[in-house]
Amino acid sequence: MCSIMSYCGQGITLEEFKKGFETTISRGPDDSRIVELEDGILGFHRLSIMGLTPEGMQPFELDGSYVICNGEVYGYQKIKEELEKKYTFKSGSDCELLLPLYKEHGTDMFAMLDAEYALVMYDAETKGFIAARDPIGIRPLYYGYDKTGVIVFASEAKNLIPICDKIMPFPPGHYYKDGQFICYADMTAVEKVCEDDLETVCANIHDKLVAGVDKRLVADAKVGYLLSGGLDSSLVCAIAARQSDKPIRTFAIGMEKDAIDLKYAKQVADYIGSDHTEVFMTKQQVLDSLENVIYLLGTYDITTIRASMGMYLCCKWIHENTDVRVLLTGEISDELFGYKYTDFAPNADEFQKESAKRIRELHMYDVLRADRCISVNSLEARVPFGDLDFVKYVMAIDPEKKMNKYNKGKYLLRHAFEGDYLPQEILYREKAAFSDAVGHSMVDDLKEYAESCYTDAEYEEKRQKYTFSMPFTKESLLYREIFEKYYPGQAEMVIDFWMPNKEWEGCNVNDPSARVLANYGASGE
């Protein structure tokens, strides 16, 4: 990961800019540079992943124009070869091609990119700033306006707290130019429903996911894998193990006393022959890390915070004990193929609407979690299930086929990888949410701690002062109060709580854990 920040005008001192920018130096600890322009300021913290030489340091400059980008451009070599007919490149960085690409194609370039990115460009000809974000929002970007009305962009909300009164996430699949946000890609828009038969659909799912993993293995830095033992991360690891000529490095975490996932993760690791590490966490570590995790996340959402505890502590261990710099993860599969609660979808249209809603909002929840837990530990996240070609295809599949009509959720994904990728019992293992599967005791410990913080009367009184996304349990109140300590008045950065669709029968629950659903069954075993 890297960190970017841009003040797009005049009126701020360099010291004021630095105060905000330095809060995310862990995203890019290798090098930092700030460039003062006549019309603004650009800042870049570098984590070296591609093109490790000093020439790969940003901002990149071309004829007085500049770009800063936290991103990964897949297949960039082919684009670069074409551009080399007119432009000279100084580094091996994939992001160096962005300015020449803009010179050739203008803002049309954004729809051309197969990439996870957030960027800001300064156009020397127009003396204007352009910002853009990838279609799913895998790379973070926020914006706000200072007291004089100047727009400011940054990788994280914490960069903008000293400068802006109101901070909002930059909408994925959009670019900003001349004061307007313009949509260039909507991953949830289905132009034509895919009517392929089941076997053809599964063959395409297989091929497209393998391609999505394959392109994410390219790095000049060491690559590792988060392995929970659930279907999604296990598939990513199994595919990568086939593509690698030596054992891949996998990491799993669980509570000391009741980790559900660790045994499954080890079973997968043994099967695929990975160099596997188990990390254990304690109740005290969880409680001691809670406030810092909420600060680094910039959210009060219960699901996101719970699921971040294990991920943060695992990534912290990786950072402190290994030379791995890139981590592949299994996020985004649930939103495409279904959760435990989408078994309750009343019909195919509702299933598809729910999937589209979740994909649009992912950047505020699971994708945010993966980014922050990994980047705060100076690592880079890569998300194969977020591959644009893969997402576009799965979203277009007839939702009748994606619904759970097979007595097993995510049947299409499981069927696509039948064979010898994974042990059968892993391939068809019931879904268990990560926050539960690190050990049921972790969520229980957090809820118990929250209960001890407030009497019933205090809870009722304190929650009433939050009119937006009002806390509805003592746990949610605790998280909101910690959030407000660091991000006062910024609750609207998160659209709502990530909860099952309460309008569906069986889903009107007050806890996001799948454990409260009637179909949880063998998920936690």
Side-chain angles (χ1 to χ4, degrees), residues 134-138 171-173 183 185-196 198 201-202 204-206 208-209 212 230-233 235-236 301 303-304 307 329-370 383-416 430-431 433-434 494-509 512 514 517 519:
D134 70 71
I136 293 175
I138 288 173
C183 180
D186 179 359
M187 298 306 292
T188 69
V190 177
E191 293 172 14
K192 184 183 178 187
V193 174
C194 171
E195 301 289 358
D196 292 342
L198 182 70
V201 163
C202 290
N204 286 331
I205 287 172
H206 171 279
K208 289 176 184 295
L209 184 58
L231 174 67
D232 309 325
S233 64
L235 277 177
V236 169
D301 176 62
T303 310
T304 308
T329 76
E331 274 75 27
I332 306 181
S333 171
D334 288 341
E335 289 73 20
L336 292 169
F337 293 101
Y339 293 83
K340 296 297 287 186
Y341 87 86
T342 54
D343 288 356
F344 295 93
N347 54 56
D349 285 345
E350 283 293 309
F351 181 100
Q352 184 74 4
K353 275 168 53 181
E354 189 72 9
S355 181
K357 176 182 187 293
R358 298 298 178 173
I359 292 292
R360 283 194 300 271
E361 296 176 359
L362 257 173
H363 66 104
M364 293 179 276
Y365 301 102
D366 275 17
V367 163
L368 178 148
R369 164 175 59 83
V383 190
F385 281 100
D387 184 78
L388 300 181
D389 182 53
F390 182 78
V391 172
K392 198 167 186 180
Y393 181 76
V394 177
M395 286 302 294
I397 295 169
D398 181 356
E400 289 283 357
K401 289 190 175 74
K402 289 183 280 190
M403 288 185 73
N404 185 1
K405 296 182 174 181
Y406 317 91
N407 294 318
K408 185 64 66 174
K410 296 188 182 177
Y411 177 76
L412 298 183
L413 181 61
R414 298 177 198 274
H415 187 52
E430 284 288 345
K431 167 74 181 174
F434 182 56
V494 185
I495 199 166
D496 202 352
F497 292 102
W498 188 264
M499 295 281 286
N501 189 330
K502 291 178 180 288
E503 294 177 8
W504 293 352
E505 187 176 343
C507 293
N508 191 4
V509 294
L517 298 174
N519 64 339

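The shown structure was predicted, so the numbers you read here are calculated from the model rather than taken from an experiment.
- The distance from the CG atom of Asn519 to the CZ atom of Phe344 is 4.0 Å, given to the nearest 0.5 Å.
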*Would Asp301 and Tyr365 satisfy side-chain contact (heavy atoms from CB on, under 4.5 Å), going step by step from the backbone distance to the final call?*
CA-CA 8 Å; Asp301 176 62; Tyr365 301 102; 3.6 Å; yes
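- Across Met395 and Lys402, no two heavy atoms sit closer than the pair O-NZ, 3.5 Å.
- The closest donor-acceptor contact from the side chain of Lys502 to the backbone of Cys507 lies at 3.5 Å or more, if one exists at all.
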*asked:* Using side-chain contact (heavy atoms from CB on, under 4.5 Å), reason through Leu413 and Leu209 one step at a time and then give a plain yes or no.
replied: CA-CA 10 Å; Leu413 181 61; Leu209 184 58; 4.2 Å; yes
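- In terms of the ring-ring contact (aromatic ring centres under 6.0 Å, His included) criterion, residue partners of Tyr341 (sequence neighbours excluded) are, by chain and number, Tyr339, Trp504.
- Here the straight-line distance linking atom NE2 of His363 with atom CD1 of Ile138 works out to 12.0 Å at 0.5 Å rounding.
- Atoms CD1 and NZ, on Ile205 and Lys410 in that order, are 12.0 Å from each other to the nearest 0.5 Å.
- Side-chain contact between Ile359 and Leu336: present, with at least one pair of heavy atoms (C-beta onward) separated by less than 4.5 Å.
- Between the Thr303 side chain and the Trp498 main chain, a donor and an acceptor come within less than 3.5 Å of each other.
- Contacts classified as salt bridge (charged side-chain N to carboxylate O under 4.0 Å, His left out) and involving residues 386-396 (residues at least two apart or in different chains) are given here: Lys208-Asp389, Lys215-Asp387, Arg216-Asp387.
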*Begin with the C-alpha distance, continue with both residues' side-chain angles, and end with the deciding distance and a verdict on side-chain contact (heavy atoms from CB on, under 4.5 Å) for Ile397 and Leu412.*
CA-CA 10 Å; Ile397 295 169; Leu412 298 183; 4.2 Å; yes
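- Under the side-chain hydrogen bond (donor to acceptor under 3.5 Å, both in side chains) criterion, Asp186 pairs with Thr188, sequence neighbours left out.
- Tyr411 meets the ring-ring contact (aromatic ring centres under 6.0 Å, His included) test with Tyr406, His415; sequence neighbours excluded.
- Partners of His206 by ring-ring contact (aromatic ring centres under 6.0 Å, His included), not counting sequence neighbours, listed by chain and number: Phe417, Tyr421.
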*Kindly indicate, with the supporting measurements, whether the criterion side-chain contact (heavy atoms from CB on, under 4.5 Å) is fulfilled by Phe385 and Glu335.*
CA-CA 10 Å; Phe385 281 100; Glu335 289 73 20; over 6 Å; no
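- Shown are Gln352, Lys357, Arg358; of these, the side chain to side chain donor-acceptor pair (under 3.5 Å) with Glu354 is made only by Arg358.
- In this structure, CD1 on Ile332 lies 10.0 Å from CZ on Phe390, to the nearest 0.5 angstrom.
- The line from OG1 of Thr342 to CG of Asn404 is 7.5 Å long, rounded to the nearest 0.5 Å.
- With a 4.5 Å cut-off on side-chain heavy atoms, Pro135 and Leu388 count as touching.
- Counting all heavy atoms, side chain and backbone alike, Gly137 lies closest to Pro172 at N-CB, 3.6 Å.
- Looking only at side-chain heavy atoms (C-beta outward), Val391 and Ile136 come within less than 4.5 Å of each other.
- Taking all atoms of both residues into account, the shortest heavy-atom contact from Asp232 to Gly330 is CB-O, 3.5 Å.
- For Asp196, the salt bridge (Lys or Arg N to Asp or Glu O under 4.0 Å) test picks out no residue, with sequence neighbours left out.
- Under the 4.0 Å criterion applied to side-chain N and carboxylate O atoms, Lys353 and Glu350 are assigned as salt-bridge partners.
- Looking only at side-chain heavy atoms (C-beta outward), Phe497 and Pro512 stay at 4.5 Å or farther from each other.
- Contact annotation: the side chain of Glu505 never approaches that of Pro346 to less than 4.5 Å [non-hydrogen atoms, C-beta and beyond].
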